[in-house]
Amino acid sequence: MRLCIILVCWLCSAFALAEPLRVGLENHDYYPYYKAVEGQPYDGYCIALLQAFAKHEGLELELRPQPVNRLYRNMLGEQSLDLLFPDNPAWAREARDGQPLYYSQAVVEIVDATLVRREQLNQGLGAIKRVGIVRGFTAEAWQPLLEQHTIELVEVQDIQSLLRMLERGRLDAIYANPQVVQHHMQLLGIDPQQLQRDPQLPQITTRFHLSSYRYPQLIKRFDQFLSEQAPMLSQLHQQFGLP
């Protein structure tokens with residue numbers, strides 16, 4: 001028992017004195033959950049949560065926004081990242097190439113849904129041929145249909161590009177989080193009723209986790225932080241307008 005206590009203390013000290021922990025973030029404006037765009041202020045619920053954890057633990061974080069398709073390569077291959085956020089065991093299986101990762105408890109639970117133009121609402125799957133998604137994201141709810149080759153998945157750079165393509169009829173639907181879509185519609189000045197979530201089309205509840213290839217003990221400490229800081233998490237939910 002004494003040896004275990006000494007080991008835990010050593011780990012805590014090692015993390016406190018180490019170089020900044022390099023956190024790979026998806027290089028996107030996915031507000032209110034996270035906004036990690038190079039050259040712009042970091043913002044969003046998940047960013048605030050990570051910063052609160054670092055302060056609580058006496059750690060320094062170096063946030064590194066990167067394209068989604070480079071994150072796993074940089075953590076697992078080049079090992080230039082220590083942590084990855086957001087992550088999920090169901091995402092990017094091919095990119096992980098069977099290598100094990102350590103995942104935290106769910107940080108936040110969100111709904112990814114299918115949105116269409118108002119005039120196409122409730123027309124069902126028969127009206128959908130092309131579905132847009134942000135490049136590098138996983139269209140979990142659409143996977144069975146994609147495997148049947150009945151739907152074309154179109155990947156684009158960001159949410160705002162998706163919205164413009166949907167408005168112009170170049171896509172039949174987009175697959176994203178409705179709160180994030182509403183945020184970007186506001187930025188673009190699009191009528192909030194113009195694009196709507198269609199309850200007849202695929203949707204799924206997904207979860208954001210923190211992951212690491214090298215630091216399972218740090219992931220456990222993060223889990224403990226989530227359990228112990230429920231009042232603070234509730235305040236952050238209210239601050240960023242999350243349910």
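A donor and an acceptor atom, one from each side chain of Arg117 and Gln120, are located under 3.5 Å apart. For the residue pair Asp43 / Tyr34, no side-chain donor-acceptor distance below 3.5 Å is found, with atom types taken as modelled. Side-chain atoms of Arg118 and Gln196 form no donor-acceptor pair, as typed in the model, at a separation below 3.5 Å. At a cut-off of 3.5 Å, with distance as the only test, a side-chain donor of Gln66 or Asn74 sits close to an acceptor on the other residue. Under 3.5 Å, the side chains of Tyr42 and Gln51 contain no donor-acceptor pair of N or O atoms. Side-chain atoms of Gln182 and Gln186 include no donor-acceptor pair closer than 3.5 Å.
Under a 3.5 Å cut-off, the side chain of His184 and the backbone N or O of Asp29 do form a donor-acceptor pair. Under a 3.5 Å cut-off, the side chain of Gln200 and the backbone N or O of Leu125 do not form any donor-acceptor pair. A donor-acceptor pair is defined here as one N or O able to donate and one able to accept, closer than 3.5 Å; such a pair exists between the side chain of Arg64 and the backbone of Ser80. A donor-acceptor distance shorter than 3.5 angstrom exists from the side chain of Arg22 to the backbone of Gln79, with no hydrogens or angles considered. When atom types are taken as modelled, the side chain of Arg207 and the backbone of Ala106 share no donor-acceptor pair closer than 3.5 angstrom. At distances below 3.5 Å, not a single donor-acceptor pair connects side-chain atoms of Asn88 with backbone N or O atoms of Phe208. Remark: the backbone N or O of Asn122 is paired with a side-chain donor or acceptor of Asp198 at under 3.5 angstrom.
Between Arg130 and Asp172, no side-chain nitrogen of the basic residue sits less than 4.0 Å from a carboxylate oxygen of the acidic one, so the salt-bridge criterion is not met.
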(request) Begin with the C-alpha distance, continue with both residues' side-chain angles, and end with the deciding distance and a verdict on side-chain hydrogen bond (donor to acceptor under 3.5 Å, both in side chains) for Gln179 and Tyr33. (result) CA-CA 9 Å; Gln179 283 182 284; Tyr33 297 101; 2.6 Å; yes
(message) Quick one, His28 with Phe137, criterion ring-ring contact (aromatic ring centres under 6.0 Å, His included). Give me CA distance, side-chain angles, the key distance, then yes/no.
(response) CA-CA 11 Å; His28 286 293; Phe137 284 24; 5.2 Å; yes
(request) Give the C-alpha distance, both sets of side-chain angles, the deciding distance and a yes or no for side chain to side chain contact (heavy atoms under 4.5 Å, CB included) between Leu201 and Ile128. (result) CA-CA 9 Å; Leu201 298 176; Ile128 307 300; 4.0 Å; yes
(request) Using the side-chain hydrogen bond (donor to acceptor under 3.5 Å, both in side chains) rule, take Tyr213 and Asp82 through it: C-alpha gap first, then chi angles, then the decisive distance, then the call. (result) CA-CA 7 Å; Tyr213 180 60; Asp82 302 307; over 6 Å; no
(message) I'd like to know whether Leu50 forms a side chain to side chain contact (heavy atoms under 4.5 Å, CB included) with Val107, so could you lay out the CA-CA distance, the side-chain angles of the two residues, the decisive distance to 0.1 Å, and finally the verdict.
(response) CA-CA 10 Å; Leu50 289 174; Val107 173; over 6 Å; no
(request) Decide yes or no on side-chain hydrogen bond (donor to acceptor under 3.5 Å, both in side chains) for Glu228 and Gln224, but give the supporting numbers first. (result) CA-CA 6 Å; Glu228 294 175 350; Gln224 184 177 357; 2.8 Å; yes
(message) Walk me through whether His56 and Arg221 qualify under side chain to side chain contact (heavy atoms under 4.5 Å, CB included).
(response) CA-CA 11 Å; His56 181 270; Arg221 286 163 58 188; over 6 Å; no
(request) Begin from the C-alpha positions of Val116 and Ile174 and carry the test side chain to side chain contact (heavy atoms under 4.5 Å, CB included) through to its verdict. (result) CA-CA 7 Å; Val116 299; Ile174 63 173; over 6 Å; no
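Between Phe240 and Tyr31, the angle of the ring planes goes over 60°, which puts this pair in the perpendicular group of the 30/60° scheme. The aromatic rings of His209 and Tyr103 sit perpendicular, their planes meeting at an angle over 60°, well past the 30° parallel limit. Ring geometry for Phe225 versus Phe222: interplanar angle under 30°, hence parallel rather than tilted (30 to 60°).
Following chains of ILVMFWY side-chain contacts shorter than 4.5 Å, one can reach Leu171 starting from Leu188, so the two form part of one hydrophobic cluster. With hydrophobic clusters built from ILVMFWY side chains whose heavy atoms lie under 4.5 angstrom apart, Val37 does not share a cluster with Val181.
In this structure, the side chains of Asp158 and Val156 stay at 4.5 Å or more apart for every pair of heavy atoms. Looking at Glu140 and Pro202, their side chains never come closer than 4.5 Å, going by heavy atoms from C-beta outward. Between Thr205 and Ile110 there is no side-chain heavy-atom pair separated by less than 4.5 Å. Trp91 is listed as a side-chain neighbour of Thr206, based on a closest heavy-atom distance under 4.5 Å. A heavy-atom distance below 4.5 Å is not found between the side chains of Glu152 and Val131. Contact check for Leu81 versus Val23: no side-chain heavy atoms found under the 4.5 Å cut-off. Between Glu62 and Leu21 the shortest side-chain heavy-atom distance does not fall below 4.5 Å. With a 4.5 Å cut-off on side-chain heavy atoms, Tyr30 and Lys35 do not count as touching.
The CD1 atom of Ile159 lies 11.5 Å from the CG atom of Leu187; values are rounded to the nearest 0.5 Å. Here Ile133 contributes atom CD1 and Trp142 contributes atom CH2; the two are 11.0 Å apart, rounded to the nearest 0.5 Å. Between the OG1 atom in Thr114 and the CZ atom in Arg197 there is a gap of 9.5 Å [rounded to 0.5 Å]. Between the OG atom of Ser211 and the CG atom of Leu71 there is a distance of 9.0 Å, given to the nearest 0.5 Å. Distance CG/Leu242 to CD/Glu109: 12.0 Å, rounded to 0.5 Å. Put simply, NE2 on His183 and CG on Asn177 are 11.5 Å apart, with the number rounded to the nearest 0.5 Å.
Heavy atoms only, all atoms of each residue included: Leu162 and Gly132 are closest at CD2-C, 3.5 Å. When every heavy atom of Ala176 is checked against every heavy atom of Leu115, the shortest pair comes out as O-CD1, 3.9 Å. Between Ile204 and Tyr175 the shortest heavy-atom distance is CG2-OH, 3.1 Å. Between Leu146 and Ala139, the shortest heavy-atom contact is CD1-CB, 4.3 Å. Between Met75 and Leu101 the shortest heavy-atom distance is CE-CD2, 3.6 Å.
Listed by chain and residue number, Tyr45, Leu49, Leu226 satisfy the side chain to side chain contact (heavy atoms under 4.5 Å, CB included) test with Leu233 (two or more places apart in sequence, or in another chain).
Surrounding CD of Gln40 are more than 12 heavy atoms belonging to other residues, nucleotides or ligands, all under 6.0 Å away.
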